[in-house]
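Working notes for the structure below.
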Amino acid sequence: MAQTSVTVEHVSKHFGTTVALDDVSVDIPAGEIFFLLGPSGCGKSTLLRIIAGLLPPTSGRVLFSGRDVTDLGTERRNAVMVFQSYALWPHMTVEDNVRFGLEVRGASKADQVARVAEALDLVRMTPYAKRKPNELSGGQQQRVALARALVVRPDCLLLDEPLSNLDAKLRLEMRTEIRRICRASGLTAIYVTHDQKEALSIADRMAVLNNGKIEQVGRPQDLYRKPDSTFVASFMGETNFLPATFLGTTQIPPMPNQPADVHLAGLDTPIGRLIGAHAPAGLREGDKVTLSIRPEAILVGVVGESDVPNSFDVTVHDTLYLGEVAQHQVTVNKEGRATTLKAFELNPQILARDSTQQQAQIFIHPRDVVVLKG
């Protein structure tokens, strides 16, 4: 199958007075699994349909490997969409559903047989070729829908929340399968979802959209660990936000996984002084900022030495034991002001399962303190 890059240049889409997309630009290299992520109404499905050729943009253009396809229909740009509903023909067998697109395109009988077999093998549905859709599970029907898209050898595979109709267990299984299938086929795949865990587990890169604009583009680990805005930080998972004042750069003693001579951000916060490693350029002393600290970055332990930077005595006032992790609500008291944070304890052993008002200590590594403007 051909590998095709996709470029979106300054695309806007208006529905009357409603602006669904506002000057969106993004480059997707050939062979990449790229996610469009964001809340309902952010414009991600509209952008996918414009890339597919199902909607015309109000302005801007779409290019496949440098070729302007803005005015071409879906078939002429050879992009195939997989929707939330599998849209399988109920009276046809699995192999007939997969063959349908080839028949429409006039492929020879021999070619149809070979390509249907290849597609069913890729999605591991060969043993079910003679079954009807109502004899399949939801996950199996989704595999058939993928095979039907892949059999025509598209230049670009477009997926619009394909797992939303599956139960939680099947969604987990199909995440791995979709990544495997896209990798094995070498396709450029563009995938829309509002589920950040789905995106984190499958994507090579992703774009987070909000109100018709792209907030940030990058690798999953970068958007999760180094968000550019409070919106991205909150959308990509649970986090603690703290207001802070930038105190300038500072130097700290050697710490694990941290070079000794790195100059980091000094921060005044409601829980005390913090050191952060990820600060935007251009900050001046006295600037007001917001800190994002993931719950799993707050390490919880018994009370011990407290002279380590970013170490605070806390009171644990609520614990939810979840097996491999415990979720704690911890309070830091400073000058009569209590600040509550959410913290995760991995492989919980230290804190009693049913304890309340237990004294403990937290440590936050500077690399996990993300400084955001505003």
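Nothing here was measured: the structure is a model prediction, and the numbers come from that model.
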Side chain to side chain contact (heavy atoms under 4.5 Å, CB included) between H10 and S59, intermediate numbers included: CA-CA 7 Å; H10 302 292; S59 60; over 6 Å; no
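- Closest of all the heavy-atom pairs between T249 and F246 is N-CZ, 4.2 Å.
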Full working for side chain to side chain contact (heavy atoms under 4.5 Å, CB included) between V123 and V144: CA-CA 7 Å; V123 300; V144 177; over 6 Å; no
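- For R225 and D368, the salt-bridge test passes: some basic side-chain N is under 4.0 Å from an acidic carboxylate O.
- E173 and R143 are joined by a salt bridge, as a carboxylate oxygen and a charged side-chain nitrogen come within less than 4.0 angstrom of each other.
- The distance from atom OG1 of T7 to atom CG of D27, rounded to the nearest 0.5 Å, is 4.5 Å.
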Worked verdict on W89 versus F100 for side chain to side chain contact (heavy atoms under 4.5 Å, CB included): CA-CA 10 Å; W89 296 105; F100 183 77; 4.0 Å; yes
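- Partner of I28 under the side-chain contact (heavy atoms from CB on, under 4.5 Å) criterion, chosen from T188, D204, T4: T188.
- For the pair R205 and P29, the tightest heavy-atom approach, listed with the atom from each and the gap, is NH2-CD, 3.4 Å.
- In this structure a side-chain-to-backbone donor-acceptor pair under 3.5 Å is present from R294 to G237.
- Residue M125 forms a side-chain contact (heavy atoms from CB on, under 4.5 Å) with just one option from L120, V98, L146, and that option is L120.
- In summary, the side chains of Y224 and Q196 do not present any donor paired with an acceptor at a separation below 3.5 Å, with no hydrogens or angles considered.
- Linking ILVMFWY residues whenever their side-chain heavy atoms come closer than 4.5 Å, directly or via other members, leaves I202 and L36 in distinct clusters.
- A pairwise comparison of heavy atoms in N310 and H365 identifies ND2-C, 4.1 Å as the closest pair.
- Taking 4.0 Å as the cut-off between side-chain N and carboxylate O, E135 and K132 do not count as a salt-bridged pair.
- Open room surrounds NZ on K197; 12 or fewer heavy atoms of other groups in view lie less than 6.0 Å from it.
- What you find for M81 and L54 is that their closest heavy atoms are CE-CD1, 3.6 Å.
- The existence of a salt bridge linking R175 and D195 is confirmed by a sub-4.0 Å separation between a basic side-chain nitrogen and an acidic carboxylate oxygen.
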Salt bridge (Lys or Arg N to Asp or Glu O under 4.0 Å) between R115 and E118, intermediate numbers included: CA-CA 5 Å; R115 287 166 66 174; E118 177 187 18; 5.7 Å; no
Derivation and outcome, side chain to side chain contact (heavy atoms under 4.5 Å, CB included), residues V289 and T245: CA-CA 6 Å; V289 295; T245 301; over 6 Å; no
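- A salt bridge links R49 to D160: one of the charged nitrogens lies within less than 4.0 Å of a carboxylate oxygen.
- Using a 4.5 Å heavy-atom threshold, the side chains of L122 and I181 count as touching.
- Taking the charged nitrogens against the carboxylate oxygens, R219 and D222 do have a contact shorter than 4.0 Å, which makes a salt bridge.
- Under the 3.5 Å distance criterion, with hydrogens and angles disregarded, no donor-acceptor pair is assigned to the side chains of S12 and D23.
- In this structure the side chain of L291 never reaches within 4.5 angstrom of the side chain of F241, judged on heavy atoms.
- The backbone N or O of R284 lies less than 3.5 Å from a partner atom in the side chain of D287, making a donor-acceptor pair.
- Taking CD1 of I33 as the reference point, atom CG of L187 lies at 9.5 Å (rounded to 0.5 Å).
- Contact between R179 and S201 at its shortest, heavy atoms only, is CD-O, 4.0 Å.
- Between L209 and L21, the closest side-chain pair of non-hydrogen atoms falls below 4.5 Å.
- Proximity of F363 to P309: side-chain heavy atoms (C-beta onward) are nowhere separated by under 4.5 Å.
- Using bins of under 30°, 30° to 60° and over 60° for the plane-to-plane angle, the ring pair F231/F235 lands in the parallel bin.
- Expressed to the nearest 0.5 Å, how far OG1 of T290 lies from NZ of K288 amounts to 11.0 Å.
- Residues L157 and L48 are members of separate hydrophobic clusters, defined by side-chain heavy-atom contacts under 4.5 angstrom among Ile, Leu, Val, Met, Phe, Trp and Tyr.
- You'll find the side chain of R180 stays beyond 4.5 Å of the side chain of R183, heavy atoms only.
- There is no side-chain donor-acceptor pair under 3.5 Å between T58 and H14.
- Note: the hydrophobic cluster containing F83 also contains L55 (ILVMFWY, side chain heavy atoms under 4.5 Å, direct or indirect links).
- With respect to the salt-bridge test (charged N to carboxylate O, under 4.0 angstrom), the residues K342 and E238 qualify.
- Between the side chain of K44 and the backbone N or O of P39 there is at least one donor-acceptor pair closer than 3.5 Å.
- Residues L63 and V69 fail the side-chain proximity criterion, which asks for heavy atoms closer than 4.5 Å.
- One hydrophobic cluster, built from ILVMFWY side chains closer than 4.5 Å, cannot hold both F35 and I214; they sit in different ones.
- Both V62 and L72 belong to a common hydrophobic cluster when Ile, Leu, Val, Met, Phe, Trp and Tyr are linked at side-chain heavy-atom distances under 4.5 angstrom.
- Residue I271 holds its CD1 atom at 11.0 Å from OG1 of T340, rounded to the nearest 0.5 Å.
- In this structure, the separation between CG on L274 and CG on D268 is 9.5 Å, given to the nearest 0.5 Å.
- Residues V80 and A149 come closest through the heavy atom pair CG1-CB, 3.4 Å.
- Atom NE2 of residue H328 and atom CG of residue D318 lie 10.0 Å apart, to the nearest 0.5 angstrom.
- Side-chain contact between N134 and P90: absent, with no pair of heavy atoms (C-beta onward) separated by less than 4.5 Å.
- At a threshold of 4.5 Å between non-hydrogen side-chain atoms, the residues P295 and Q327 do not count as touching.
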